[in-house]
Amino acid sequence: MPYGGDMMTRGKRKDRISCVRTNPQHVAIIMDGNGRWAKKRGRPRLFGHRAGLETVRRIVKAAPNYGIKYLTLYAFSTENWRRPRLEVEGLFTLLQEYVDKETTELVKQGVRVRFFGNREGLPPEAVKVMAHCEQQTSAGKRLNLGIALNYGGRGEIVRAVQALAARVETGGLKAADITEADLESHLFTHGLPDPDLLIRTSGEQRLSNFLLWQLAYSEIYVTSVLWPDFTEEDLTEALSSYRQRERRFGGIPDKG
Ligand code: FPP
């Protein structure tokens, strides 16, 4: 029975401090280390990305068994365009292949897919496949899979600010009345709960422009395991570490 943790959560998420926790409902992952994994084997970087894709399949399948309702994966950042052209093209071919081939399986698994990021500037064929996948999986109830693609956290916030500024310009909104909820409503992830846990593989301790707004109070777990080697067991280790955290949301420890 993998979905574990005591049910002693105190009060409502975000309002109160909680001590012993259940598993997170939203896990975000920076899937790092594909290139190093391939290099260690004397193979091209794309070989690592292909192996990374197998890990995506594994973790998507396993996640709902642990009570995870939302899984958000960082697949391609707005900064990743700086990589060699052949790697970028190869990554898009892989992504497209995954989305195209996997859609039927994702529907079977009850997975709802959403892509976060700018679609302008993406290959039109990729945009088509993404829209098809979102539409086909839209009834999925078991897991909400977010794939951040051509995504950057700062760009996402700028885009939201532009949308709010446009509303102010047309008189629909007063600048002084703008709330966090207003800004949130223009994020790619609007309406979804913030990640409870961020996992980053391969040992790097950075956010790399991922979900900057949404990760404000997330717990962070870094493992030295490279993404292609990341297993269900590694996921359970991350979840177990999370359950031992004390989330304070800016408050002080609850002694009562
Ligand atoms: C980081 O490793 C990984 C990426 C930039 C791409 C991640 C993409 C996948 C795993 C494939 C598809 C994903 C989905 C959700 C369909 P890196 O290349 O930076 O590795 P390095 O730090 O060792 O060089």
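No continuous path of hydrophobic side-chain contacts links L86 to L53 [ILVMFWY only; heavy atoms under 4.5 Å].
For F188 against E156, the heavy-atom pair with the smallest separation is N-OE2, 2.9 Å. Scanning all heavy atoms of the two residues, the minimum distance from H26 to P193 falls at ND1-O, 2.8 Å. The two residues P228 and N34 come nearest to each other via the heavy atoms CD-OD1, 3.3 Å. Closest of all the heavy-atom pairs between R247 and D196 is NH1-OD1, 3.0 Å.
Side chain of Q244 to backbone of S240: a donor-acceptor contact under 3.5 angstrom is found. Side-chain atoms of R58 come within 3.5 Å of backbone N or O of F230 as a donor-acceptor pair. Here the side chain of D194 pairs no donor or acceptor atom with the backbone of L215 at under 3.5 angstrom. Using a distance-only test at 3.5 Å, with no hydrogens or angles considered, no donor-acceptor pair links the side chain of R112 to the main chain of L106. Side-chain atoms of N209 come within 3.5 Å of backbone N or O of R154 as a donor-acceptor pair. Between the side chain of T137 and the backbone N or O of V113 there is at least one donor-acceptor pair closer than 3.5 Å.
Tested against S241, the residues R245, E237, R243 include a single side chain to side chain contact (heavy atoms under 4.5 Å, CB included) partner, R245. Screening T55, L197, L71 for a side chain to side chain contact (heavy atoms under 4.5 Å, CB included) with I29, the sole residue that qualifies is L71.
F210 and Y74 have their aromatic ring centers within a separation under 6.0 angstrom.
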* Stepwise side-chain contact (heavy atoms from CB on, under 4.5 Å) check, N23 with Y242 -> CA-CA 7 Å; N23 276 343; Y242 172 85; 5.5 Å; no
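Between the OG1 atom in T201 and the CH2 atom in W37 there is a gap of 13.0 Å [rounded to 0.5 Å]. From E97, atom CD reaches atom CZ of F92 across 14.0 Å, with rounding to the nearest 0.5 Å.
Looking only at atom types and distance, the side chain of Q162 has no donor-acceptor partner in the side chain of H186 under 3.5 Å away. No donor-acceptor contact under 3.5 angstrom links the side chains of Q136 and T103, judged on distance only. Counted by atom type alone, D182 and S185 present zero donor-acceptor pairs between their side chains at under 3.5 Å.
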